[in-house]
Amino acid sequence: MGIRHFASGGLTRRVVLTGLLATGASAATPALAAYNSGRGDFRSLRLINSRTGEKVSSVYWVEGRYVSEALEAFNQILRDWRAEQATSMDPRVIDILAATHNLLDCREPFDIVSGYRTPGTNAFLRRRSRGVAKKSYHTRGMAVDIALKSRSVEQISGAGRALSAGGVGRYTRSKFVHLDSGPVRDWGR
């Protein structure tokens, strides 16, 4: 099944109605809510997965409700591509990604380095690198590692830290930033 593409200018009645009927309120700190506001009564996010060649540009929140079809598209693109398994990503991490992107004021989609990881994939990666946590938020659908060609690791992580909404890790050598919906903390160089 392919990734569905939703453009903010091409909302169908079905997508809007689905969004209005979906459950879930916007989670967040006041800073996160503020950075996600000012764009009308909708939120959108653009992602690309260079490993799989997939892209999603989607309105995922309309008038206080998450759009379930859009969240499913994010679950698919953020899946563990090694194991070909998806999970229900925490909508708060999607909000964090969108707010971080808004702060960076760029058109380029976030490039996904890592989204959801099965416990098996996480264990495999832990054997290869000291930087992989044993109880990673990736295995809970609460973390995404991202990069942008047009912005530095410092710029991306600075935007993430400004939200005070979760974990922010800087991986300057590997040129990516970790964002999660866990407790507020930051690390890395």
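Atoms considered below: every heavy atom in the structure, side chains included; atoms not considered: hydrogens, waters and symmetry mates. Given the structure is predicted, the values throughout are model-derived calculations rather than measurements.
Clustering ILVMFWY residues whenever any of their side-chain heavy atoms sit less than 4.5 angstrom apart, transitively, puts Y171 in a cluster other than the one holding V93. Both M89 and I146 are members of a single hydrophobic cluster when ILVMFWY side chains are connected at heavy-atom separations under 4.5 Å. Hydrophobic clustering places L71 together with L97 (ILVMFWY residues linked when any side-chain heavy atoms are closer than 4.5 Å, directly or through intermediates).
Screening residues 115-152 for ring pair (Phe, Tyr, Trp, His ring centres under 6.0 Å) gives H138-H178 as the qualifying pairs, with residues at least two apart or on separate chains.
Between L163 and L103, the closest side-chain pair of non-hydrogen atoms falls below 4.5 Å. Residues Q155 and L148 fail the side-chain proximity criterion, which asks for heavy atoms closer than 4.5 Å. Residues R140 and D90 have side chains not in contact (no heavy-atom distance under 4.5 Å, counting atoms from C-beta outward). Counting heavy atoms from C-beta outward, R82 and L125 have side chains that approach closer than 4.5 Å. Side chains of V168 and L179 form a contact here, defined as non-hydrogen atoms less than 4.5 Å apart. Proximity of L78 to Q76: side-chain heavy atoms (C-beta onward) are nowhere separated by under 4.5 Å. Contact of the L47 side chain with the P109 side chain is not registered, since no non-hydrogen atoms from C-beta on lie closer than 4.5 Å. A heavy-atom distance below 4.5 Å is not found between the side chains of S157 and D186.
Nearest heavy-atom pair across V184 and S164 is CG2-O, 3.4 Å. Annotation for T139 and T118: closest pair CG2-O, 4.2 Å, computed over non-hydrogen atoms. The two atoms that bring I96 and D180 nearest to each other are CD1-O, 3.5 Å, heavy atoms only. Residues A98 and S44 share a closest heavy-atom pair of CB-O, 3.8 Å. Minimum interatomic distance between G169 and W187 (heavy atoms only, all atoms of both residues): CA-CE2, 3.4 Å.
At distances below 3.5 Å, at least one donor-acceptor pair connects side-chain atoms of R185 with backbone N or O atoms of P183.
Distance check, rounded to the nearest 0.5 Å: CD1 of I94 to OH of Y66 gives 9.0 Å. Rounded to the nearest 0.5 angstrom, N122 CG and R127 CZ are separated by 10.0 Å. Here the CZ atom belonging to R46 is positioned 8.5 Å from the CD atom belonging to E108, to the nearest 0.5 angstrom. T87 contributes atom OG1, which lies 7.0 Å from atom CG of N75 (distance to the nearest 0.5 angstrom). Note: S150 OG to R107 CZ = 12.0 Å, rounded to the nearest 0.5 Å. Here the CZ atom belonging to R65 is positioned 13.0 Å from the CG atom belonging to D41, to the nearest 0.5 angstrom.
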Under the criterion side chain to side chain contact (heavy atoms under 4.5 Å, CB included), I'd like the reasoning laid out for R79 against T52: C-alpha separation, chi angles, the key distance, then a yes or no. CA-CA 10 Å; R79 74 188 178 281; T52 65; 4.0 Å; yes
Pair D105-R151, salt bridge (Lys or Arg N to Asp or Glu O under 4.0 Å): steps then yes or no: CA-CA 10 Å; D105 193 31; R151 301 293 189 272; 5.9 Å; no
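Legend: residues meeting side chain to side chain contact (heavy atoms under 4.5 Å, CB included) with V113, ordered by chain and number and at least two apart, are R51, D145, A147, F176.
Between D95 and R43 there is a salt bridge, with a side-chain nitrogen of the basic residue lying less than 4.0 Å from a carboxylate oxygen of the acidic one.
Of the candidates V144, N49, L104, I48, L104 is the only one forming a side chain to side chain contact (heavy atoms under 4.5 Å, CB included) with F110.
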